[in-house]
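Throughout, numbering of the chain's residues begins at 1 and tracks the sequence. Since this is a predicted model, take the numbers as computed values, not measurements. Below, each value reflects all heavy atoms present in this structure, side chains not excepted, and no hydrogens, waters or symmetry copies.
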Amino acid sequence: MREMEEKVSVLLSTYNGEMYLPVQLRSVFGQKGVDVKVFARDDGSTDKSTAILNAWAKTHPLKYACGNNAGAARSFLKLLQDVNEDESEWYAYCDQDDWWYPDKLKKAVSMLRARKTDGPMLYYSDTTRVGPELEKIENPFKRHYHVESAGGLLTFPDGSGCTMVFNRQLLLLLKKYEPEYLFMHDTWTIVLCGVLGGQVIYDPVSHIKYRQHAGNVLGGVEKMRYSKPRLFWSRVTKFFTYRYFPSLVAKEILNGYGNAVPKENRNLVRKVADANRGIRSRLAVCFDKRLRTGYLLIDMKHYVQTVVGKL
């Protein structure tokens, strides 16, 4: 007797993705051991992306909607709001330009199932970075920083959304509130899971070819080919460039979830939210061990960002 396949709803945002979208859809519908449905939102494309979605919807379990251009992060939040929580027990983010190994979703669901908890859960994995034609590229950014603690995730929410799979409980929490400050949908998702007492699972094995090209929202193939001096300078510049602001995320969590934040995390979130008020607040954050990630460079950057009042 055939084993019942787990249902997974794949949330796909498209924007002028005609070049890579068909390949990605083939890999998504080529997943083994799971029952896949795709829910797509086109974010105001001017190319043939919607025509491609329409064609696939006629032959595969794919539903899509079209909207005005909101940007990748907001587009995914709209997908979260629109998807029915009764469709599946598991939900996965999907970029339009990658390629998934056939075991990607099955592996994620099996690792999530193994935890056996009723609370919010999120899985993410390492990635294999490739070029525009899925060719292998030497990756100078080899080290992955994995953090599981609530404070560490609030400080440094490092996880690729294109690898994320999460359960219905986390979906319901994401539906509850849409933040005004939003760095990216995946950072918001992983922080929320950690701070609200959920479990974050990291798989060091890659199950995805993460395509790097000039049109990436974050990243891009050009950095993969930097010379060593240029790569060093890029890292120095990045160290003093602040794009993600934990204090704003903390304020959004308090605004949207308040007392739903577990007691053991609530004071910590308030402390981060108030970090920029003055020197005492900054020092309190700097010396709070719960906000450390365990990675020296990341923690040093956090200290600098806090001291200069840009947390």
Side-chain angles (χ1 to χ4, degrees), residues 8 10-34 36 38 40 47 49 52 56 72 76 92-111 122-147 156-165 184-187 190 200-239 243 295 297-298:
V8 183
V10 175
L11 309 181
L12 167 66
S13 179
T14 62
Y15 178 71
N16 290 345
E18 65 177 1
M19 184 178 297
Y20 305 119
L21 183 56
V23 172
Q24 173 64 309
L25 287 172
R26 280 195 290 273
S27 74
V28 171
F29 286 114
Q31 293 295 293
K32 304 296 184 183
V34 289
V36 172
V38 173
D47 67 355
S49 293
I52 293 170
W56 279 77
F76 275 106
Y93 290 136
C94 178
D95 290 347
Q96 66 186 4
D97 48 8
D98 299 323
W99 185 88
W100 291 5
Y101 291 102
D103 68 339
K104 178 182 183 295
L105 294 179
K106 178 69 173 178
K107 182 63 176 179
V109 170
S110 65
M111 289 185 71
L122 180 144
Y123 160 101
Y124 75 102
S125 76
D126 203 350
T127 59
T128 301
R129 295 191 181 224
V130 297
E133 303 302 321
L134 298 179
E135 73 276 18
K136 187 177 179 180
I137 296 178
E138 181 64 26
N139 183 9
F141 308 98
K142 290 180 180 178
R143 186 171 188 183
H144 186 89
Y145 300 95
H146 171 57
V147 181
F156 186 69
D158 188 38
S160 297
C162 56
T163 72
M164 289 181 178
V165 180
M184 281 300 289
H185 62 286
D186 49 7
T187 57
I190 196 170
V200 175
I201 304 166
Y202 171 59
D203 183 356
V205 178
S206 170
H207 304 277
I208 178 175
K209 290 185 178 181
Y210 182 36
R211 198 191 305 255
Q212 301 291 286
H213 57 90
N216 286 133
V217 174
L218 293 177
V221 71
E222 68 280 355
K223 288 186 179 179
M224 311 294 287
R225 293 169 178 161
Y226 276 179
S227 63
K228 288 185 177 180
R230 193 178 181 193
L231 179 60
F232 173 78
W233 182 246
S234 172
R235 286 171 168 165
V236 171
T237 303
K238 186 177 180 181
F239 186 89
R243 299 176 61 195
Y295 299 104
L297 277 177
I298 301 302

Within the structure provided, determine whether Val38 and Val28 are in side-chain contact (heavy-atom separation under 4.5 Å).
yes
Using side-chain heavy atoms (C-beta onward) and a distance below 4.5 Å, is Tyr202 in contact with Asp126?
yes
Look up atom CD in Gln24 and atom CZ in Arg211, then write down how far apart they are to the nearest 0.5 Å.
8.5 Å
Looking at every heavy atom in both Phe76 and Leu11, which two are closest together, and how far apart are they?
CE2-O, 3.3 Å
Trace of the side-chain contact (heavy atoms from CB on, under 4.5 Å) decision for Trp100 with Gln31:
CA-CA 8 Å; Trp100 291 5; Gln31 293 295 293; 3.5 Å; yes
CG of Leu12 to CG of Leu21: how many Å apart, nearest 0.5 Å?
6.0 Å
Quick one, Leu105 and Val165 - any side-chain contact, counting heavy atoms below 4.5 Å?
yes
Between CD of Glu135 and CZ of Arg129, what distance do you get to the nearest 0.5 Å?
14.0 Å
Could you verify whether a donor N or O on one side chain and an acceptor N or O on the other, from Tyr295 and His146, lie under 3.5 Å apart?
no
Could you tell me whether the side chain of Leu122 reaches within less than 4.5 Å of the side chain of Ile201, counting heavy atoms only?
no
Ser49 to Thr14 - nearest heavy-atom pair and separation:
CB-OG1, 4.4 Å
Nearest 0.5 angstrom please: Tyr20 OH to Asp95 CG, how far?
13.0 Å
Got Trp99 and Ile208 here, is their nearest side-chain heavy-atom distance under 4.5 Å?
no
Ring pair (Phe, Tyr, Trp, His ring centres under 6.0 Å) partners for Tyr15, two or more places apart:
none
Nearest 0.5 Å, what's the CD-CG distance between Gln212 and Asp97?
8.5 Å
Assess whether atom CE of Met19 is packed by more than 12 heavy atoms of other residues, nucleotides or ligands within 6.0 Å.
no
Could you work out, with side-chain hydrogen bond (donor to acceptor under 3.5 Å, both in side chains) as the rule, every residue matching Tyr93, not counting sequence neighbours?
Thr189
Mind checking whether Leu25 and Pro22 have side chains closer than 4.5 Å, heavy atoms only?
no
What pairs with Thr128 under side-chain hydrogen bond (donor to acceptor under 3.5 Å, both in side chains), at least two apart in sequence or on another chain?
Ser206
With Ser13, which residues qualify under side-chain hydrogen bond (donor to acceptor under 3.5 Å, both in side chains), at least two apart?
Ser75
Where the side chain of Asp203 meets the backbone of Val205, is there a donor-acceptor pair that is under 3.5 Å apart?
yes
Less than 4.5 Å apart, side chain to side chain, heavy atoms only: is that true for Thr163 and His207?
no
With heavy-atom distances below 4.5 Å as the criterion, would you say the side chains of Ile190 and Met184 are in contact?
no
Please enumerate all residues that pass side-chain hydrogen bond (donor to acceptor under 3.5 Å, both in side chains) together with Thr187, with sequence neighbours excluded.
none
For the pair Asp47 (side chain) and Gly17 (backbone), establish whether a donor and an acceptor sit closer than 3.5 Å, ignoring hydrogens and angles.
yes
For Trp56, give me all partners under ring pair (Phe, Tyr, Trp, His ring centres under 6.0 Å), at least two apart in sequence or on another chain.
Phe29, His60
Between the OG atom in Ser125 and the OH atom in Tyr210, the distance rounded to the nearest 0.5 Å is 11.5 Å
Go through Ser160 and Tyr124 one step at a time and tell me if the side-chain contact (heavy atoms from CB on, under 4.5 Å) criterion holds.
CA-CA 7 Å; Ser160 297; Tyr124 75 102; 5.9 Å; no
State whether the side chain of Asp186 and the backbone N or O of Gly161 hold a donor-acceptor pair below 3.5 Å, judged by distance alone.
yes
